[in-house]
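Side-chain atoms are counted along with the backbone in the values below, which use heavy atoms only and exclude waters and symmetry mates. For ligands, and for the atoms within them, numbers begin at 1 and follow the listed sequence.
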Amino acid sequence: MSNPLAPFYYSEETVRRFLNWPLVIEAVESALRAVVAMSGSTPNEPFVNQPVRSFTSSREPGQVLLTMPAFVGNYKLTSAGSGGDAANIPRSTLACKLVTSFSSNPQREPPLPSINANILLFSLETGELTTIMAGTDITTWRTVAASLVATKHLYFRRFGPRAEREREITVAIIGCGVQGQMHASAFCSQFKVKQLNLYNRTIAKAQRLSEQLQQTPGFASQTKITVCNSPGEAVQGSDVICVATYSKEPLVYAADLRPAGCVHINAVGAGETHYSEVADNVYGLAQIYVDSNANAQSELIGLAAPITAELGSVIKHGTYPAESAVTIFQSMGMASEDACVAQAVQDAILSSGRLPNV
Ligand SMILES: NC(=O)C1=CN([C@@H]2O[C@H](COP(=O)(O)OP(=O)(O)OC[C@H]3O[C@@H](n4cnc5c(N)ncnc54)[C@H](OP(=O)(O)O)[C@@H]3O)[C@@H](O)[C@H]2O)C=CC1
Ligand SMILES: O=C([O-])C1=[NH+]CCC1
């Protein structure tokens, strides 16, 4: 029978209380693995039906609405207590994220985030809309989680199974907006970052981030932070580079990368195209990994070099790059990531006994 109170609504404030790295990373890794198998490949294996998302332009350039539907079947969430089910029972989720990207929002008074999202969850029995979940923070967390997972499998695992816990790295953050800020704090909390290079077009924002990080309780005291005057300065000597801006011009050039290679780049931002932040000469020498081949076919038209593989296939098969490789994780963002994280958050909320609509 239909629930007369549906759809339930979970606000950004409620969602925020239940977001944590083990929950989000597990859900994102589930989505990345599941997307490798499309519908019907192997019975009982996780799989994803994820039609290409739509982009609807609004009045001005830089204003766009994306509709992102996904069905994720037979996947497991195991983080007992933090979301997911401890019994490890396969589950399925039908969801659609509606997200706007209005790049001039931070210049408004008062400033607003560029990205604003809501995630809709549907009943698998009746197709009814059961839940509307604020999805702005989920979008930030799941995108950062995808970069963390990519860095673990495409960079650290070149050096052995425990390298992500043992190896010290220098990280460059290019763009200190919402994405850049969370990339900076998450990389420092999840990996051993000895040097953090911050660059932002408006330098005051990079300086503010540096101060905030140093004042954060528990911030890794072994991390030295440098605010850089150019993207090239931030990139030089870095092992891992995260670039998340709206720039239509390249910010990361081959001449600035370490000559010996052994570099990993998380290319997160989306200006006019998803690959505008990294120069063609970097794509030309790199191995390029994507979250979804199907999305890449429609969104990475004109990319300067061929795609090596989906990240999920590297996770599944352990086909790690060579130590000296330059790798790029071209992160577009997937509806299936949003679906799995929203499901895990809803599970965590419900198992906490918290009532919806409050
Ligand atoms: N791959 C994915 O899954 C996702 C990707 N994104 C993308 O990530 C990017 C960042 O998003 P978010 O952090 O939320 O946005 P914010 O608006 O919070 O930050 C934007 C950043 O880009 C910088 N920037 C804008 N234009 C330029 C330019 N021409 N040259 C250099 N820097 C520039 C801004 O610098 P300044 O402070 O000087 O203005 C700011 O640091 C966007 O492209 C967004 O679409 C977002 C969500 C998911
Ligand atoms: O996946 C996503 O949510 C987005 N990718 C680019 C803008 C928003």
Side-chain angles (χ1 to χ4, degrees), residues 24 28 31-32 35 50 52-56 61-70 95-108 111-119 135-150 173-186 198-209 227-228 230-232 234 242-252 265-278 289-292 295-296 299-300 311 328-339 341-342:
V24 180
V28 166
L32 286 161
V35 84
Q50 187 174 254
V52 166
R53 57 191 178 182
S54 76
F55 289 75
T56 306
Q63 301 183 339
V64 64
L65 165 68
L66 286 72
T67 55
M68 300 178 58
C96 183
K97 182 167 85 170
L98 299 175
V99 52
T100 52
S101 173
F102 277 44
S103 58
S104 58
N105 273 1
Q107 278 87 56
R108 295 177 71 90
L112 284 173
S114 301
I115 301 287
N116 286 282
N118 282 281
I119 300 168
T136 302
D137 281 1
I138 288 181
T139 301
T140 312
W141 280 71
R142 66 82 152 129
T143 307
V144 175
S147 296
L148 291 167
V149 170
I173 303 288
I174 316 283
C176 300
V178 169
Q179 284 290 340
Q181 289 165 31
M182 186 155 277
H183 272 80
S185 63
L198 302 178
Y199 168 78
N200 196 64
R201 180 179 61 176
T202 311
I203 196 137
K205 213 187 261 182
Q207 281 158 345
R208 206 157 50 238
L209 176 58
V227 173
C228 300
S230 68
C242 304
V243 52
T245 73
Y246 280 99
S247 178
K248 295 173 190 160
E249 308 302 328
L251 301 167
V252 180
I265 302 168
N266 296 300
V268 172
E272 218 106 287
T273 57
H274 255 296
Y275 50 83
S276 55
E277 302 171 295
V278 177
Y289 296 83
V290 292
D291 36 23
S292 149
N295 285 355
E299 295 184 23
L300 301 183
L311 173 57
I328 299 175
F329 173 52
Q330 191 68 48
S331 165
M332 289 166 280
M334 297 195 298
S336 49
E337 294 167 337
D338 299 304
V341 176

>> So if I count the atoms of ligand 2 from 1 in the order they appear, which ones are less than 4.0 Å from some heavy atom of Thr139?
In response: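 Per the distance check, 3 (O).
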> Which of the atoms of ligand 2 are close to Lys97, meaning less than 4.0 Å from one of its heavy atoms?
Replying inline: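 Per the distance check, 2 (C), 3 (O).
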>> How far is atom 4 (C) of ligand 2 from the closest protein heavy atom, and which atom is that?
In response: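 Here the nearest protein heavy atom works out to Arg53 NH1, 4.0 Å.
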>> Suppose we measure from atom 7 (C) of ligand 2 to each protein heavy atom; which comes out shortest, and what is that distance?
In response: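 Answer, as residue, atom name and distance: Ile115 CD1, 3.9 Å.
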Drop me the distance from [X]'s [atom1] to [Y]'s [atom2], to the nearest 0.5 angstrom.
X	Y	atom1	atom2	value
Thr139	Asn118	OG1	CG	9.0 Å
His183	Thr140	NE2	OG1	10.0 Å
Gln107	Ser114	CD	OG	7.5 Å
Asp137	Ile115	CG	CD1	12.5 Å
Glu337	Lys97	CD	NZ	8.5 Å
Leu198	Cys176	CG	SG	5.0 Å

Excluding sequence neighbours, so at least two apart, what forms side-chain hydrogen bond (donor to acceptor under 3.5 Å, both in side chains) with [X]?
X	result
Tyr289	Gln287
Gln181	none
Thr273	none

> Does at least one non-hydrogen atom of Arg142 fall below 4.0 angstrom from an atom of ligand 2?
Replying inline: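 Yes, that is the case, since the closest heavy atom of the residue is under 4.0 Å from the ligand.
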> Under a 4.0 Å heavy-atom cut-off, what residues line ligand 1?
Replying inline: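 These residues qualify: Pro106, Ser114, Ile115, Thr139, Arg142, Thr143, Gly175, Cys176, Gly177, Val178, Gln179, Asn200, Arg201, Thr202, Lys205, Ala244, Thr245, Tyr246, Ser247, Val268, Gly269, Ala270, Ser331, Met332, Gly333.
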Heavy-atom distances under 4.0 Å decide this one: backbone, side chain, both or neither, for [X] against ligand 2?
X	answer
Glu337	neither
Met332	backbone
Glu299	neither

>> I'd like to know if the side chain of Gln179 reaches the main chain of Thr143, judged simply by a donor and an acceptor atom lying under 3.5 Å from each other, with no hydrogens or angles considered.
In response: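 No: the side chain of Gln179 does not pair with the backbone of Thr143.
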